[in-house]
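Please read the structure below before turning to the comments.
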Amino acid sequence: MDMNRLSSFAIILGSGVLLWSCNAKESQHPIIGKWSTGIIETEWGKAETVIVFDEEAMAVKFIPESGDAMGTSAPYVVSSEYITSEAINGGLPMRYVLRENVLTLTDSSSEVSTLFRK
């Protein structure tokens, strides 16, 4: 194979890899990332809830201003309207709305949690 053909092949191959990696990132669900309620008043005093979604699981951490943090993680499933995971709401589906950097979760009793992208 001469150098011109080898260079052309390398450029085409490199472009294909670049396009593939861009498409792979675009296919990620927009919920992936780190979300936080900020410090809010809860029934246990002031605390922050942090949720981190990756491609396969979600981790939830409750961080009170005083006392020990508690956390759990589990796989999750996202549909067009619901998130379901053993890590939240006892494994029951929660309705979610994602608008830019705000994630709103609503359980079956209509209790709403608002989280902001960190």
Side-chain angles (χ1 to χ4, degrees):
M1 192 178 251
D2 69 5
M3 287 306 278
N4 285 340
R5 291 180 102 183
L6 185 59
S7 295
S8 297
F9 178 73
I11 290 170
I12 291 169
L13 179 62
S15 298
V17 170
L18 177 61
L19 288 173
W20 176 79
S21 67
C22 289
N23 287 338
K25 289 180 183 175
E26 288 175 15
S27 68
Q28 286 185 344
H29 195 282
I31 205 166
I32 293 175
K34 187 173 186 178
W35 301 86
S36 169
T37 60
I39 296 176
I40 59 172
E41 192 63 45
T42 72
E43 61 186 283
W44 301 282
K46 291 185 177 184
E48 174 184 25
T49 299
V50 176
I51 301 178
V52 179
F53 292 91
D54 66 23
E55 291 84 7
E56 298 174 11
M58 63 183 293
V60 181
K61 193 166 199 178
F62 179 78
I63 309 164
E65 278 194 333
S66 60
D68 295 331
M70 298 175 282
T72 188
S73 63
Y76 67 96
V77 175
V78 177
S79 69
S80 61
E81 295 182 41
Y82 293 94
I83 298 172
T84 307
S85 174
E86 291 296 323
I88 56 172
N89 200 33
L92 298 173
M94 292 189 80
R95 183 177 296 277
Y96 80 96
V97 176
L98 182 58
R99 290 196 181 106
E100 296 184 16
N101 292 320
V102 179
L103 173 62
T104 305
L105 300 173
T106 306
D107 67 16
S108 58
S109 67
S110 299
E111 185 174 329
V112 176
S113 298
T114 303
L115 296 102
F116 304 91
R117 190 179 295 276
K118 287 185 96 176

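Atom set for the values below is all heavy atoms of this structure, side chains included, hydrogens, waters and symmetry mates excluded.
- Interatomic distance, CD of E65 versus NZ of K46, reported as 5.5 Å (0.5 Å rounding).
- In this view, A59 and S73 satisfy the side-chain contact (heavy atoms from CB on, under 4.5 Å) rule, not counting sequence neighbours.
- Transitive grouping of hydrophobic side chains (ILVMFWY, heavy atoms separated by less than 4.5 Å) keeps F53 and V50 in distinct clusters.
- Rounding to the nearest 0.5 Å places CG of D54 at 13.5 Å from NZ of K34.
- One hydrophobic cluster, built from ILVMFWY side chains closer than 4.5 Å, cannot hold both I88 and V52; they sit in different ones.
- No side-chain donor-acceptor contact under 3.5 Å links T49 to the backbone of T37.
- When all heavy atoms are compared, the tightest approach of S85 to P75 is OG-O, 2.9 Å.
- Under the 4.5 Å side-chain heavy-atom criterion for grouping Ile, Leu, Val, Met, Phe, Trp and Tyr, W35 is connected to Y76 within one hydrophobic cluster.
- Of all the heavy atoms in A47 and P64, the pair that sits closest is CB-CA, 3.6 Å.
- With hydrophobic clusters built from ILVMFWY side chains whose heavy atoms lie under 4.5 angstrom apart, V60 shares a cluster with I32.
- Applying the 6.0 Å contact sphere to CD of E41 captures more than 12 heavy atoms from other residues, nucleotides or ligands.
- Linking Ile, Leu, Val, Met, Phe, Trp and Tyr whenever their side-chain heavy atoms come within less than 4.5 Å leaves I40 and F116 in two separate clusters.
- Residues satisfying the ring-ring contact (aromatic ring centres under 6.0 Å, His included) test with Y96, not counting sequence neighbours, are none.
- Here CG of L98 is found 6.5 Å from CZ of R117. Values are rounded to the nearest 0.5 Å.
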Exercise for review: Determine, stepwise, if the pair T104 / V112 fulfils side chain to side chain contact (heavy atoms under 4.5 Å, CB included).
Suggested key: CA-CA 7 Å; T104 305; V112 176; 3.4 Å; yes
**Study point:** Working for side chain to side chain contact (heavy atoms under 4.5 Å, CB included), residues L103 and I51
**Key:** CA-CA 10 Å; L103 173 62; I51 301 178; 5.7 Å; no
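- Within the model, atoms CD of E81 and OG1 of T106 stand 11.5 Å from one another, a figure rounded to the nearest 0.5 Å.
- Separation of atoms CE (M58) and OG1 (T84) is listed at 10.0 Å; rounding is to 0.5 Å.
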